[in-house]
Each structure stands twice: as structure tokens, then as C-alpha cells.
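In what follows, a single structure is set out as C-alpha cells and then discussed.
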Amino acid sequence: MDTFFISHGSPRLLINDKPARYFLESWKEKPFHVAPKAILVISAHWETTEPAVSMINGTNDTIYDFTNFPKHLYELKYPAPGAPELARKVKKLLQKAGFNGADEDESRGLDHGAWVPLMLMYPEANLPVCQLSVQSHKDGTHHYNIGKALAPLREEGVLIIGSGSATHNLGLLDRDDVPTPDWALEFDSWLTQSLLLGRHEDVNKYEEKGPNAKIAHPEPEHFYPLHVALGAAGEEAKAELIHQSWGSSSLSYSSYRFMTGA
């Protein structure tokens, strides 16, 4: 099964008229028409010291980890069932790969890095979902290796989704009608070309290799989910750009499929 990186944007994606919203709404008809058995989301909005996986028996809570948004967004719920069996496998695979500090969280629900895109992709909320955290103090290679450890899940019908953003500088956002600045265009183009040409090591070392990398990602948490999804697809994975659009001038919605051939 292929893996994916989704640029999830703002929670307003659920109510705004944007190409990225229509892309996610068409998910089951276009990018991914196979029904997974369960979903593992690596979310930019869960940061921990060591990898942690949510192990929920019953229904996932909906976490509203954002402020000053329209009231309606705080009333939405995404009551997807938890995936405790998958969570146990995730922890076991990580520990087997040497991530001995891998832990489980029995209380954390789905943050908006997970439930916002999933509400558009799988509105029925009937598929088991669990989340995996990122470690912002680590690097891209660390997260790529996490992905490699999780690769066996693909063969079990698990859909692995990295949910973050191809560019993410909240301090430089502007109106949608403001032209996208060069720094964002250059980094986004570099990322696409690097992935399409299979330059995984360049992507892992994006802070050195990518143009304007520190501007595009002042903090790394929204980029690391891509590394996990890429690593999970394997060294021979072929990348496909499945969506590209912009919001708030410099926020890229570039999203990718990593085709594994299996």
C-alpha cells in the first residue's frame, strides 16, 4: 500500500472555498480508491520527546488545538474509532528498530492535523485511526528512519499519512490574493523536484540542501511528517505530486503520494 503526505493547512479548510478542500473531498474517487483497514496519521500537532502512539479503546476524542476560529469549527466532531491493535504494532515495530523510548498514550484523541483532513477524506468516520507524534528536536533522518521501521504496516492494509505542510511560516502569511513570495515558490519547487527525482537524502537534509529552508520552516514540526511517510514507502519509492495550490499567500498545499510498488 502506498503512503502519503498531506498539507493540511488551516482548520478553515473545512468551511472555505479552496482547491485543497476539493482535492481532499475527492480522495476516495481519485488519489486513493482502496479502502484501508486502519489509518495511522503522523501529525505535526503532536510533539513529544520520544515517539508516542495514541492507543484508544473506543472512540477518539476530537481535540480543538486552535484559537480564534469561527465557533462552528469547535462544534464539529470526528468520532472515528481508535486503533489499539495498530498502536501496539506501531510501538513494537519502533522498539524493534531501536526506538526504545517509544511510548503509548491512552488518553489523547485526534488533533486537527488528523481530524480536519480526515473529515474531508473519510467523512463517515468509520475507519480505525491512531496518531504518531513527531520530535521537533530531532532531524529529518530520525523521522525517515521511523518511517522505515513502520514499512511492514503497508502490507497489512494500513494507510500511513503524514499530515503537515510543505511550507509553514505563520509569521509571513498574508491574504489569499497576495502573490506567493519567491522564497515559498523556490522551496516548494525544490521539494517537488527532489522527491520526483528520488533524492531522499537531500530531503532528509533539507535545512542544508533546500533553498530558503529556514524561512519555509522556521520550526520543523510541519515538515517531519513527510519524512516519516517517505521512509515508510522504502528507498525505491516513486513520488507523485497529487495536489498543489496555495493559501494565505505563502502556505503550500503540495501533497504527495509515495508509490511502493507493493
Side-chain angles (χ1 to χ4, degrees), residues 1-46 53-66 69-87 108-132 153-154 156-166 176 222 225-226 228-229 240-248 251-258:
M1 183 170 286
D2 298 339
T3 67
F4 294 85
F5 173 72
I6 301 297
S7 290
H8 63 249
S10 160
R12 293 181 189 272
L13 192 64
L14 293 170
I15 56 177
N16 286 354
D17 184 17
K18 287 184 177 294
R21 173 183 173 182
Y22 301 127
F23 156 66
L24 292 175
E25 286 179 332
S26 68
W27 181 260
K28 289 185 291 185
E29 288 72 34
K30 293 181 180 179
F32 198 71
H33 58 273
V34 178
K37 294 180 180 178
I39 302 173
L40 174 64
V41 180
I42 302 91
S43 172
H45 292 279
W46 188 15
V53 62
S54 61
M55 191 173 294
I56 301 300
N57 290 288
T59 302
N60 278 295
D61 290 334
T62 304
I63 302 175
Y64 306 101
D65 52 336
F66 46 84
F69 281 81
K71 180 182 177 182
H72 170 62
L73 292 176
Y74 299 94
E75 298 171 348
L76 298 176
K77 292 187 181 298
Y78 191 75
E85 181 179 351
L86 171 58
R108 184 182 174 84
L110 301 178
D111 60 53
H112 83 268
W115 69 263
V116 167
L118 289 179
M119 183 169 283
L120 296 170
M121 298 159 70
Y122 296 101
E124 303 85 359
N126 59 357
L127 294 172
V129 182
C130 67
Q131 282 194 221
L132 180 65
L153 297 175
R154 300 190 334 251
E156 300 180 16
V158 175
L159 174 58
I160 298 175
I161 300 174
S163 178
S165 189
D176 284 344
H222 272 73
L226 181 146
V228 180
E240 177 188 0
L241 177 67
I242 54 176
H243 179 76
Q244 205 290 317
S245 63
W246 294 92
S248 303
L251 190 66
S252 172
Y253 282 99
S254 289
S255 299
Y256 302 92
R257 178 178 194 155
F258 303 120

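With Thr3 contributing its side chain and Ile160 its backbone, the two residues share no donor-acceptor pair below 3.5 Å. Looking only at distances, no side-chain donor or acceptor of Asn60 sits under 3.5 Å from a matching main-chain atom of Pro79. Between the Ser54 side chain and the Gln131 main chain, a donor and an acceptor come within less than 3.5 Å of each other.
In this view, Ala20 and Leu13, His243, Ser245, Tyr253 satisfy the side-chain contact (heavy atoms from CB on, under 4.5 Å) rule, not counting sequence neighbours. With sequence neighbours excluded, the residues forming a side-chain contact (heavy atoms from CB on, under 4.5 Å) with Leu127 are Pro36, Ile39, Tyr122, listed by chain and number. For Phe66, the side-chain contact (heavy atoms from CB on, under 4.5 Å) criterion is met by Pro11, Tyr64, Phe69, Leu73, Tyr74, His112, Trp115, not counting sequence neighbours.
Residues Ile15 and Pro70 meet the side-chain proximity criterion, which asks for heavy atoms closer than 4.5 Å. In this structure the side chain of Val158 never reaches within 4.5 angstrom of the side chain of Met1, judged on heavy atoms. The shortest side-chain heavy-atom distance between Ser254 and Leu241 falls under the 4.5 Å cut-off. Taking 4.5 Å as the limit, every side-chain heavy atom of Ser255 sits out of range of all side-chain heavy atoms of Phe5. In this structure, the side chains of Asp2 and Glu240 stay at 4.5 Å or more apart for every pair of heavy atoms.
When all heavy atoms of Pro225 and Ala44 are compared, the closest pair comes out as CG-N, 3.9 Å. Nearest heavy-atom pair, Ser165 versus Ser252, reported as atom, atom and distance to 0.1 Å: OG-O, 3.5 Å. In plain terms, the two heavy atoms of Asp111 and Ser43 that are nearest each other are OD1-OG, 2.7 Å. Residues Pro84 and Asn57 come closest through the heavy atom pair CG-OD1, 3.4 Å. In this structure, Val129 and Ala80 approach most closely via the heavy-atom pair CG2-CB, 3.9 Å. Of all heavy-atom pairs spanning Leu14 and Val116, the tightest one is CD2-O, 3.6 Å.
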Practice problem: Any chance you could lay out the side-chain contact (heavy atoms from CB on, under 4.5 Å) test for Lys37 and Leu86, step after step, and finish with the verdict? | Solution: CA-CA 10 Å; Lys37 294 180 180 178; Leu86 171 58; over 6 Å; no
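Exactly one residue among Tyr256, Phe258, Trp27 makes a ring pair (Phe, Tyr, Trp, His ring centres under 6.0 Å) with Phe4. That residue is Trp27.
For residues 70-86, the set of pairs meeting the salt bridge (charged side-chain N to carboxylate O under 4.0 Å, His left out) definition, not counting sequence neighbours, comprises Glu85-Lys89. Sequence neighbours left out, not one pair with a member in residues 53-66 passes salt bridge (charged side-chain N to carboxylate O under 4.0 Å, His left out). The side-chain hydrogen bond (donor to acceptor under 3.5 Å, both in side chains) pairs that include a residue from residues 8-19 are His8-His45, His8-Ser163, Asp17-Tyr22, Lys18-Asp176, where partners are two or more places apart or lie in different chains.
Once rounded to the nearest 0.5 Å, the distance linking CG of Leu110 with OH of Tyr78 reads 8.0 Å.
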